[in-house]
Amino acid sequence: MDYNFKEIEAKWQQYWADNNSFKTIDDFSKPKFYCLDMFPYPSGAGLHVGHPEGYTATDIVCRYKRSKGFNVLHPMGWDAFGLPAEQYAIQTGTHPAETTQKNCDNFRRQIQSLGLSYDWDREINTTDPSYFKWTQWIFTKLYNTWFDATDGKGKHINELTIPEEISKAGKKAVREYVDQKRLAYYGEAQVWYCRTCKTVCANEEVLNDGSHEKCGTKEVERRFLKQWMLRIPHYAERLLEGLDDLDWPEGVKEMQRNWIGRSTGAEVDFALVGTDKKLKVYTTRPDTLFGATYMVVAPEHELVSEITTVAQKSAVANYINSAAMKSELDRTDLSKGKTGVFTGCYAINPINGAKIPVWVADYVLMGYGTGAIMAVPAHDHRDFEFAQTYNLPIVCILDPEEGVDTELRRKILAGEACWSEDGAYINSVNKNIGIDINGLSKEKGIEQVTSWLESAGLGKATVNYKLRDWLFSRQRYWGEPFPVIHWEDGDVTLLDDAELPLLLPEVEKYQPGETGESPLSNAGEWLHVADANGRKGRRETNTMPQWAGSCWYYLRFIDPKNDSAPFAKAKENYWMPVDLYVGGAEHAVLHLLYSRFWHKVLFDLGIVSTNEPFQKLYNQGMILAFAYETASGSKVPSDMVTEKEGKYSHNETGEELHQIVAKMSKSLKNVVNPDDVVEKFGADSLRLYEMFIGPLDATKPWTENGVKGVYNFLRRVATFFGEKSNLTEGAERKETLKILHQTIKKVGDDVEDMKFNTAISQMMVFTNHCYKVGTVTSETANIFYQVLAPFAPHLAEELWALNGNLQSVGISSWPQFDLACLTEEVVEYPVSFNGKVRFRLELPVGLSAKEVEDAALKSDLTKKWIEGNTIVKIIVVPGKIVNIVLR
RNA sequence: GCCCGGGUGGCGGAAUUGGUAGACGCGCUGGACUCAAAAUCCAGUGAUAGCAAUAUCGUGCGGGUUCGAUUCCCGCCCCGGGUACCA
């Protein structure tokens with residue numbers, strides 16, 4: 001048989017479509033397997049070879065699981081809100097929905113051409129009103145939820161007890177109180193704003209030199225704007241704990257832990273001299289209180305203006321101004337050194353009564369802890385650097401003892417060097433208050449000082465997180481509108497469920513408004529509303545960020561057409577959690593943290609039945625390409641490169657180039673389009689190569705010769721098994737049976753372990769064997785097709801049908817391997833002398849160690865190797881190796 | 001700086017409760033077929049020495065444990081990713 005992949009693939013794709021082969025039925029009696037791909041943003045560029053990598057892997061797992069009797073949910077959809085379609089709209093006036101539709105159609109066509117077994121009846125699109133209706137609905141749930149810290153659980157806002165003094169203070173006070181508790185709130189936030197683009201931009205879009213990545217101008221400034229925020233830090237502890245039981249790559253879990261950034265320490269109050277105010281600091285090292293020689297507050301700290309003395313007023317004001325002008329990147333640039341200014345105010349160190357100066361410096365950040373610190377320069381590198389710059393006292397209270405060399409220790413004790421590790425306390429006694437931690441180690445010190453602070457009412461043990469409120473609004477057109485109305489009297493209300501979805505208005509221009517307002521502020525008719533009493537209101541004009549739609553899409557796949565609920569409870573109960581989630585590592589934190597957060601809120605509200613959404617996560621590695629660069633490091637496009645005997649040179653200059661691995665890029669002309677690969681080698685070859693190129697989680701370069709290699713394999717399969725005379729009836733050769741059953745076992749095990757590359761190599765070994773022996777039985781062939789089917793489904797179906805099977809290979813059961821076929825009769829023992837293998841000895845299987853030893857000693861070859869030496873010891877590992885130690 | 005990955009032939013990669021290093025594929029070399037080429041099929045292919053049998057070396061570097069180390073331990077080097085004044 002010729003390997004006519006075009007014909008074969010078209011035929012079977014049609015067959016699967018006609019027979020609804022991949023339709024998932026909600027049959028609750030079967031064991032379920034929910035296998036999810038991170039759904040793509042349908043860009044205008046179409047599919048990249050990186051997309052089918054993950055999709056093929058999950059497809060193989062799904063086809064395998066189906067043949068093992070599982071009810072498999074394997075859906076696909078589009079994360080289709082996003083900036084590119086909107087920018088295209090600004091340039092051309094094309095409605096983003098139109099662009100999106102076109103791109104989705106193209107993505108769908110490309111994905112379908114790969115023979116992936118998705119249930120297309122469950123396709124979803126985040127921009128579809130029937131989808132974002134429920135995104136808006138979930139937003140209203142977040143808005144109407146508060147976090148009860150006592151129970152560690154989110155609850156409906158109706159369950160919030162209003163303190164009596166608040167209710168007495170009137171309606172406005174009550175509303176403010178409640179708003180402070182909601183998981184979603186509308187508040188002032190400091191954001192980046194680009195005057196050229198007339199829009200806020202993300203931190204990542206502002207480059208090192210203070211210019212805006214998108215337009216290149218330096219018209220970027222910080223603005224305070226009212227924005228929607230989500231109180232994700234309330235779930236910090238839950239998000240942290242939840243990680244422990246997840247089957248995720250350790251690296252991803254670690255990144256989430258770092259992002260959440262839990263630290264334990266204490267809050268300590270310092271009295272301010274000459275005022276009745278207190279300055280509250282957060283520290284992880286309350287034990288070093290004796291070494292606190294000054295304090296620092298962030299420039300934005302509310303007390304700054306109050307505590308600054310008249311003499312220091314202008315210096316402080318200047319400093320605050322210049323700090324405000326600095327970009328975040330300047331401010332956090334460690335190489336630039338620390339700056340600050342004295343406020344003129346002093347505080348009292350509660351542990352020893354010392355009067356210490358209060359400074360303002362921008363190395364202290366308002367957003368973490370209390371925005372103020374006690375500085376312990378002897379034992380904190382940042383404080384040390386600052387103290388050196390401004391000649392502030394450095395008092396060592398922790399002796400490193402034997403931990404360092406004598407010179408360094410001398411410096412540390414003299415306050416000339418900084419020591420942040422453990423040691424033994426010195427100078428840490430205050431008899432008046434009964435504190436003496438001298439000689440203790442760090443752990444004990446922290447414990448004792450903290451309990452003293454608590455008993456003295458000066459502070460308390462505190463847990464802090466780096467995780468911040470999530471800025472949840474964008475000044476964009478192409479996003480989910482917030483179902484929110486701002487009324488003229490200052491009231492804010494949400495639409496009723498019955499009024500959802502709130503659709504996007506048609507607008508004439510997609511350009512943002514003049515004052516940092518979203519393009520929706522141009523939509524006059526949509527914008528202005530009035531209630532029954534004639535009260536006027538204005539709709540929220542910001543839209544939700546792209547994360548919103550992807551936060552819960554895995555739930556919608558369960559019941560995508562439900563229009564009375566986001567999903568039916570019974571179905572959710574059956575399908576959740578997701579058993580396998582595959583996608584790129586770039587979502588290690590944001591998407592995966594955001595959706596875990598939403599999921600936990602929904603769990604608390606009784607809307608979902610599992611505490612976590614994704615039980616097992618697997619990150620596919622990136623697919624890169626070879627690129628070429630000159631000795632000086634400049635890159636050369638692939639079409640300018642000539643290869644000769646493993647050396648590369650420039651077509652025109654003849655300069656020698658060396659091969660590197662880099663991201664595919666248009667400028668390097670090394671982008672691979674999956675369409676071209678399918679056209680040239682077929683979908684099965686593309687699928688197989690995506691898996692054979694290397695381990696799924698590794699970063700690896702694409703090579704066309706590699707595709708040829710797997711194409712060659714498939715062609716050899718088609719040629720061998722397509723030839724009727726190669727298939728016989730009757731009993732199979734023993735050796736063929738052995739390799740066949742090895743293959744069944746290895747491929748099955750490897751699929752379970754996501755080791756697809758070695759599964760394929762085993763199938764190659766089997767095929768090479770078939771060529772060697774010339775014929776196999778048709779039963780052997782059938783079994784091989786079943787093993788091949790998850791990987792190269794089109795070819796497997798074709799051969800399966802050719803062999804007389806009437807139903808799809810996809811509905812057959814995974815073959816059982818027979819242990820009896822795998823057992824060897826002889827073992828080839830490597831015999832080594834002093835660890836070096838010298839020869840091999842064939843022995844019957846199942847001999848005892850003693851029998852193996854005797855047999856080895858009897859061999860003439862052994863005698864030869866022993867000659868002139870004495871045997872010290874003989875090690876026999878039955879079934880593995882013989883090692884004879886000589887002297 | 002800190003955290004997490006990873007270093008194995010010319011290349012992508014196999015093999016770890018410590019037990020024959022280099023499966024499978026690419027590339028390369030030789031042969032068959034062909035007027036020739038492509039395609040295909042067959043054989044070889046870690047390095048060095050040798051006609052060969054064979055020997056020595058060999059999993060980033062330096063040590064250690066062991067009968068035996070790619071695998072375990074200690075100390076380094078290099079590459080990739082994440083993060084960054086979080087007190």
Side-chain angles (χ1 to χ4, degrees), chain A residues 249-255 257-259 261-263 265 281-285 288 296 298 329 331-338 361-365 367-376 379-383 385-386 420 464-468 585-586 588-589 619 621-622 624 626 643 645-647 659 661 688-689 692-695 697-710 712-713 715-716 719 755 757-765 767-768 771-772 828-840 872-877 879-886:
Chain A
E250 272 312 312
V252 175
K253 289 205 224 177
E254 206 47 41
M255 274 167 78
R257 289 192 187 106
N258 291 340
W259 193 267
R262 183 185 203 271
S263 74
V281 302
Y282 171 71
T283 175
T284 54
R285 297 292 304 275
T288 60
V296 184
L329 283 148
R331 242 180 102 159
T332 56
D333 189 345
L334 288 160
S335 65
K336 291 208 173 141
K338 296 190 174 28
D362 65 6
Y363 80 91
V364 171
L365 309 172
Y368 186 76
T370 61
I373 62 155
M374 64 178 210
V376 185
H379 306 293
D380 180 286
H381 288 105
R382 296 151 302 182
D383 298 343
E385 191 192 330
F386 190 79
S420 57
N464 242 306
Y465 301 92
K466 288 188 206 171
L467 192 63
R468 309 293 166 81
E586 67 274 18
V589 176
N619 289 128
M622 252 194 299
L624 307 177
F626 285 115
E643 191 258 314
E645 286 166 11
K647 301 224 167 171
Q659 195 181 48
V661 171
L688 225 58
Y689 181 61
F692 189 62
I693 181 171
D697 57 358
T699 303
K700 56 237 156 191
W702 184 276
T703 61
E704 180 159 312
N705 277 334
V707 190
K708 268 189 218 159
V710 294
N712 219 14
F713 161 65
R715 185 187 48 72
R716 277 162 63 85
T719 309
K755 285 158 67 178
N757 53 335
T758 50
I760 294 167
S761 87
Q762 180 61 37
M763 291 189 275
M764 289 171 168
V765 168
T767 308
N768 290 346
Y771 269 78
K772 200 159 275 169
E828 208 176 57
Y829 279 92
V831 181
S832 55
F833 296 83
N834 291 340
K836 281 188 177 137
V837 178
R838 296 304 179 179
F839 64 94
R840 290 160 226 294
V872 179
K873 196 174 174 185
I874 301 179
I875 290 118
V876 176
V877 184
K880 294 261 178 168
I881 198 169
V882 178
N883 189 22
I884 299 172
V885 187
L886 302 173

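The chains referred to below are lettered A, B, ... by the order of the sequence lines, with proteins before strands, and numbering in each begins at 1. Note that the structure is a prediction, hence the values are computed from the model and not measured.
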Does A/Asn258 have a side-chain nitrogen or oxygen under 4.0 Å from the phosphate oxygens OP1 or OP2 of B/rG82? no

What is the distance from CZ of A/Phe626 to P of B/rG10, rounded to the nearest Å? 15 Å

Which of B/rG19, B/rU20, B/rA15 is nearest the side chain of A/Asn883? It is B/rG19

Determine the interatomic distance between P on B/rC42 and the same-named atom on B/rA47; round to the nearest Å. 23 Å

Would you mind reading off the distance between A/Ile874 atom CD1 and B/rG19 atom C1', rounded to a whole angstrom? 16 Å

For B/rU65 versus B/rU29, give the span between their P atoms, rounded off to a whole number of Å. 47 Å

Whole-Å distance separating the NZ atom of A/Lys880 from the P atom of B/rG18: 10 Å

What nucleic acid atoms does A/Lys466 come within less than 4.0 Å of, heavy atoms only: base, sugar-phosphate, or nothing? base

Side-chain N or O of A/Lys700 closer than 4.0 Å to phosphate OP1/OP2 of B/rG12: no

Output the rounded distance in Å from NE2 (A/His379) to C1' (B/rA87). 15 Å

Indicate, with a heavy-atom threshold strictly under 4.0 Å, whether A/Ile373 touches base, sugar-phosphate, or nothing. base

Below 30° counts as parallel, above 60° as perpendicular, anything between as tilted: where do the rings of A/Trp702 and A/Tyr689 land? perpendicular

Would you say A/Tyr368 and A/Arg468 make side-chain contact, with heavy atoms under 4.5 Å? yes

Give one of base, sugar-phosphate or nothing for A/Pro249, where a contact means two heavy atoms less than 4.0 Å apart. nothing

Are any of A/Thr699's side-chain N or O atoms less than 4.0 Å away from OP1 or OP2 of B/rG81? no

According to a strict under-4.0 Å criterion, is A/Tyr282 in side-chain N/O contact with OP1 or OP2 of B/rA87? no

A/Asn757 near the nucleic acid: base, sugar-phosphate alone, or nothing, with a heavy-atom cut-off under 4.0 Å? sugar-phosphate

Separation of the C1' atoms in B/rC3 and B/rA14, to the nearest angstrom: 30 Å

Between B/rC41 and A/Arg715, is there an OP1 or OP2 to side-chain N/O distance shorter than 4.0 Å? yes

Quick one, A/Tyr282 with A/Ser263, criterion side chain to side chain donor-acceptor pair (under 3.5 Å). Give me CA distance, side-chain angles, the key distance, then yes/no. CA-CA 10 Å; A/Tyr282 171 71; A/Ser263 74; 2.8 Å; yes

Taking the P atom in each of B/rU56 and B/rG60, what is the distance between them to the nearest angstrom? 22 Å

Given that A/Lys755 and A/Val837 both sit by RNA chain B, which one's nearest nucleotide is further toward the 5' end? A/Lys755

If you only use heavy atoms from C-beta on, which nucleotide in B/rG19, B/rC42, B/rA87 is closest to the side chain of A/Tyr771? B/rC42

Can you tell me if the side-chain N/O atoms of A/Lys253 get under 4.0 Å from OP1 or OP2 in B/rC3? no

What integer number of Å spans the P atoms of B/rG19 and B/rG75? 25 Å

Separation of atom CE in A/Met255 from atom P in B/rA84, rounded to whole Å: 10 Å

In B/S/- notation (B base, S sugar-phosphate only, - none; protein heavy atoms under 4.0 Å), nucleotides 24-34 of chain B written 5' to 3' is BSSS-------

Distance in angstrom units between A/Phe833 CZ and B/rA55 P, rounded: 12 Å

Please give the distance between the C1' atoms of B/rA15 and B/rU70 as a whole number of Å. 9 Å

Interatomic distance, CD1@A/Ile693 vs CD1@A/Ile760, rounded to 0.5 Å, equals 11.0 Å

If the glycosidic angle sits within 90 degrees of zero it is syn, else anti. Tell me which applies to B/rG9. syn

Establish, with yes or no, whether the OP1 or OP2 oxygen of B/rU56 is under 4.0 angstrom from a side-chain nitrogen or oxygen of A/Arg838. yes

Using the P atom as the reference point in each nucleotide, state the distance between B/rG68 and B/rA49 in Å, no decimals. 30 Å

Among B/rU20, B/rA87, B/rC57, the nucleotide that comes nearest once only the side chain of A/Pro830 is considered: B/rU20

Side chain of A/Pro695: nearest nucleotide among B/rC4, B/rC67, B/rA14? B/rA14

Within this structure, what is the OH-to-P distance between A/Tyr368 and B/rA84, rounded to whole angstrom? 14 Å

Could you tell me how far B/rG46 sits from B/rA37 if I compare only their P atoms? Round to whole Å. 28 Å

Where are the stems of RNA chain B, defined as at least 3 consecutive Watson-Crick or wobble G-U pairs with both distances under 3.5 Å? B:1-7 with B:77-83, B:10-12 with B:24-26, B:27-32 with B:40-45, B:46-49 with B:54-57, B:60-64 with B:72-76

Between B/rA21 (P) and A/Lys836 (NZ): distance, integer Å: 11 Å

